[in-house]
Each structure stands twice: as C-alpha cells, then as structure tokens.
Amino acid sequence: MAVMTERTLVLLICVQLLVLVLLYQVSYDHETAHYENTFWKSIAIATKINKAIRAVSHYKQKLPDCPRTSQLTGGPLNISFPLWLNMKQVEQKHLLVRRGGSYSPPNCTATYKIAIIIPHRNRMEHLTYLLYHLHPFLQRQQLKYRIFVIEQAGNYTFNRGKLLNVGF
C-alpha cells in the first residue's frame with residue numbers, strides 16, 4: 001500500500017480544481033455543485049492525512065545503535081530436538097520475526113545486516129529444527145537479518161549450488 005505524500009495530495013487537489021474550473025466554463029450547474037462539494041471534502045481529508053503523517057513522523061524516534069558486541073551473547077544456548085516440534089510452534093516461539101523471515105532488534109538499531117540463504121528440499125523436520133535454533137542464535141547477537149529458504153521443486157538430483165545462485 002503506497003503512502004500518499006504531500007506532493008501527491010497537492011496534485012490530486014489540483015486535478016480536482018481543474019475539473020471544477022472546466023465544469024464552470026461549460027456551465028453544468030448540477031455537476032459543478034457535486035464536484036465543488038467533493039473538492040472541499042477532499043481538502044478536509046487531505047488536511048487530516050497531512051496532520052496524521054506529521055504526527056507519525058514526530059512519533060518515530062531514532063533508536064540508539066546496538067553495541068558492536070552484544071551483552072546478550074553470554075552463556076550457552078540450550079540445544080534440544082523435541083519430537084513434538086512443528087513449524088507453527090516455531091512461529092509462535094519467535095513472535096518478533098516478521099513474515100518473510102526478517103528480524104530487527106526492537107530496542108536498538110542493528111550495526112550489522114545479514115541475509116541467510118538456506119537451500120531446501122523434502123527435509124521439513126530438519127528445516128524446523130534449524131529455524132527453531134537459528135533465530136535465537138542470531139537474535140542474541142542483535143543482528144538485523146532475513147532468512148531465505150529456497151526450495152527445489154521436482155524429483156531431480158538436489159543441486160545446492162543452483163539453489164544458492166537462485167537465492168542470491
């Protein structure tokens with residue numbers, strides 16, 4: 001969904017004003033009254049949208065930079081392979097991971113950005129365990145990351161290199 005900028009709003013108002021002037025010249029009284037009413041309503045809406053955009057831009061505050069060495073990395077990670085684990089539970093455990101596999105630290109601006117490409121085919125259980133443990137590992141380092149799972153279709157020989165090229 002595109003965000004309307006001030007320039008777009010001004011352009012929209014100018015087009016409506018032009019239509020209003022043309023209708024006055026042709027002297028369509030009924031249509032002109034309708035467009036004039038619509039014009040003033042759109043001015044009011046544009047003003048409200050502009051105020052909302054300014055309020056949101058003032059609300060956004062710049063987060064502090066994350067430290068180069070995270071304080072969250074202390075101690076070992078608990079690695080386990082529970083038999084009951086499925087992808088839905090992985091999603092529920094990692095609520096800060098957005099749709100598409102991207103994550104940003106919520107309380108600071110990440111110093112490093114990482115993309116991880118995972119070639120995959122017919123190993124859903126392995127992928128589930130990998131994502132279950134990979135997300136906390138990366139989040140403890142306060143990284144901004146995105147995980148791309150590239151899946152090979154068909155019954156051909158698994159070609160990891162081609163999948164990595166596609167992902168890149």
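Because the structure is predicted, anything quoted here is derived from the model rather than measured.
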Row check, Tyr132 ring normal vs Lys93 NZ/CZ: under 6.0 Å, within 45°: yes
Report the residues that fulfil ring-ring contact (aromatic ring centres under 6.0 Å, His included) with His133, sequence neighbours left out, ordered by chain and then residue number. Phe81
Looking at every heavy atom in both [X] and [Y], which two are closest together, and how far apart are they?
X      : Y      : answer
Ala110 : Leu143 : CB-C, 4.0 Å
Phe148 : Ala115 : CE1-CB, 4.0 Å
Thr111 : Pro67  : OG1-O, 4.3 Å
Met124 : His120 : N-NE2, 3.8 Å
Arg121 : Thr157 : NH1-C, 4.0 Å

Do [X] side-chain atoms and [Y] backbone N/O form a donor-acceptor pair below 3.5 Å?
X      : Y      : value
Tyr112 : Gln141 : no
Gln89  : Asn86  : yes
Arg146 : Gly100 : yes

Residues that His135 engages under side chain to side chain donor-acceptor pair (under 3.5 Å), provided they are two or more places apart: Tyr145
What distance do [X] atom [atom1] and [Y] atom [atom2] have between them, rounded to the nearest 0.5 Å?
X      : Y      : atom1 : atom2 : answer
Asp65  : Thr109 : CG    : OG1   : 5.5 Å
Leu131 : Met87  : CG    : CE    : 5.0 Å
Ser104 : Lys113 : OG    : NZ    : 8.5 Å
Ile118 : Ile150 : CD1   : CD1   : 9.5 Å
Thr128 : Arg123 : OG1   : CZ    : 13.0 Å

Side-chain heavy atoms under 4.5 angstrom apart, residues restricted to Ile, Leu, Val, Met, Phe, Trp, Tyr: same cluster for Trp84 and Leu130? yes
Going hydrophobic residue to hydrophobic residue with side-chain gaps under 4.5 angstrom, can you get from Leu134 over to Leu95? no
Given side-chain contact (heavy atoms from CB on, under 4.5 Å), test Gln139 with Tyr103 step by step and report yes or no. CA-CA 8 Å; Gln139 289 171 6; Tyr103 171 83; 3.5 Å; yes
Greater than 12 external heavy atoms within 6.0 Å of Glu125's CD: no
Would Ile147 and Ile117 satisfy side-chain contact (heavy atoms from CB on, under 4.5 Å), going step by step from the backbone distance to the final call? CA-CA 6 Å; Ile147 298 175; Ile117 301 171; over 6 Å; no
Inter- and intrachain pairs under disulfide (SG to SG under 2.5 Å), touching residues 65-145, at least two apart: Cys66-Cys108
Non-hydrogen side-chain atoms of Leu63 and Asn107 separated by less than 4.5 Å: no
